[in-house]
Amino acid sequence: MALSALLEEVRGGDLPTHVGIIMDGNGRWAKARGLSRLEGHRQGALAAERIVRFVVKERLFPYLTLFAFSTENWARPRHEVDGLFALFESFLREKTEELIDSGIKLLVVGDHKPLPEGLQAAIEEIEKKTAQNGALTLAIALNFGGRWAILRAAKDLLRAARSIAMGPEEVGEELFRAYLPTGFLPDMDFLIRTGGRVRVSNFLLWELAYTELYFTDILWPDFDEEALLYALKDFQRRERSFGRVKG
Ligand code: FPP
């Protein structure tokens, strides 16, 4: 089916508000071509750009979260980790103007402190420069872990509770959510994972409670506009009940 026809079809149905993507398979994509893993990540960055451009141009949904680096990814070879950080930094610096012009608000969620200083500075700058935008909120999960986020919220809440004499009965879901580093994001409606593995890998655990999950064998550098539209079509076939019985 032609891309434009597919797009029209997808537009005719319910679209998610918040989509998350676990961009897996860069290493295998590169290996299959006799290239370095870093080259795979470079191609992965191009795929991420392509998807973000399409989502914002077509206004497909207002929130997109990309899992770029997990708290567990430090265990990769040093030069791969350094290469990934260099790639993120140059991506943020080179794309600043395009992000501003296309109306994207970019936020990087995760523990920034252990990241290289240049990368931290680039994050701070781009977050500030895009803060007023509203066409698409693009969250990049970088040095992120779902458990890290929940633990951080619990610690911050304990600290706050001590200073304002708040009791445990006063802590409800909405209050707890406000303490999460991802508190600005709504629940995730749809999670796409490329690369053939069927797991959640410590992504946004709180927001994943009622998420529809979609797994594809496509390796991330090959994931394109058409693949995204087919995934969204699959989402539109799901019956979402949020634990209730649908009448
Ligand atoms: C998983 O592939 C991918 C990563 C750990 C890094 C993701 C990074 C990018 C896609 C680059 C750019 C992103 C942005 C937002 C600029 P893998 O190495 O685990 O692949 P494998 O499972 O085949 O080894």
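Only a predicted model underlies this, so the values are computations on that prediction, with no experimental measurement involved. Whatever order the structure lists ligands and atoms in, that order sets their numbers, starting from 1.
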Distance from [atom] to nearest protein heavy atom, with residue and atom:
| atom | result |
| --- | --- |
| atom 3 (C) of ligand 1 | M23 O, 3.2 Å |
| atom 22 (O) of ligand 1 | R197 NH1, 2.8 Å |
| atom 7 (C) of ligand 1 | A68 O, 3.4 Å |

**Report entry** Side-chain (S36) to main-chain (E39) donor-acceptor, under 3.5 angstrom
**Finding:**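 Judged by distance alone, yes, a pair lies under 3.5 Å.
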
Requested in this report: Determine yes or no for a side-chain-to-main-chain donor-acceptor pair under 3.5 angstrom, with R28 supplying the side chain and G195 the backbone.
Outcome: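 Yes.
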
Query raised in the report: With a 4.0 Å cut-off on heavy atoms, does G195 reach ligand 1?
Result: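 G195 does not count as a contact of ligand 1 under the 4.0 Å cut-off.
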
Atom indices of ligand 1, in the order listed, that fall short of 4.0 Å to a heavy atom of [X]:
| X | answer |
| --- | --- |
| G44 | 10 (C) |
| R37 | 17 (P), 18 (O), 24 (O) |
| W220 | 10 (C) |
| R76 | 5 (C), 17 (P), 18 (O), 19 (O) |
| I140 | 15 (C) |

Query - Carboxylate-amine/guanidinium contact R177 D187, below 4.0 Å - result: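 Salt bridge between R177 and D187, a charged N being under 4.0 Å from a carboxylate O: yes.
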
**Report entry** Lys/Arg N to Asp/Glu carboxylate O, R50 vs D224, below 4.0 Å
**Finding:**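 Salt bridge between R50 and D224, a charged N being under 4.0 Å from a carboxylate O: no.
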
Please confirm whether [X] comes within less than 3.5 Å of ligand 1 when only nitrogen or oxygen atoms on both sides are compared.
| X | value |
| --- | --- |
| N73 | no |
| D24 | yes |
| N26 | yes |
| G27 | yes |

Report task. Indicate if F88 and L138 have the same hydrophobic cluster label, given that clusters are the connected sets of ILVMFWY residues with side-chain heavy-atom separations under 4.5 angstrom. Result ->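 Hydrophobic grouping puts F88 with L138.
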
Query raised in the report: So if you build clusters from Ile, Leu, Val, Met, Phe, Trp, Tyr with side-chain heavy-atom gaps below 4.5 Å, do I140 and L205 land together?
Result: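 No: no chain of side-chain contacts under 4.5 Å links I140 to L205.
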
Report task. Determine whether more than 12 heavy atoms belonging to other residues, nucleotides or ligands lie under 6.0 Å from atom NE2 of H79. Result ->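 No.
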
Report task. Using the six-membered ring wherever Trp is involved, compare the ring planes of F223 and W220 and label them parallel, tilted or perpendicular (cut-offs 30° and 60°). Result ->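 Taking W220 first and then F223, their aromatic rings lie parallel (interplane angle under 30°).
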
Query raised in the report: According to the interplanar angle, ranging from 0 to 90°, do the rings of F85 and F69 count as parallel (below 30°), tilted (30 to 60°) or perpendicular (above 60°)?
Result: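 Rings of F85 and F69: tilted, 30 to 60°.
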
**Report entry** Region of L219 engaging ligand 1 - heavy atom pairs below 4.0 Å
**Finding:**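 Within the 4.0 Å criterion, L219 makes no contact with ligand 1.
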
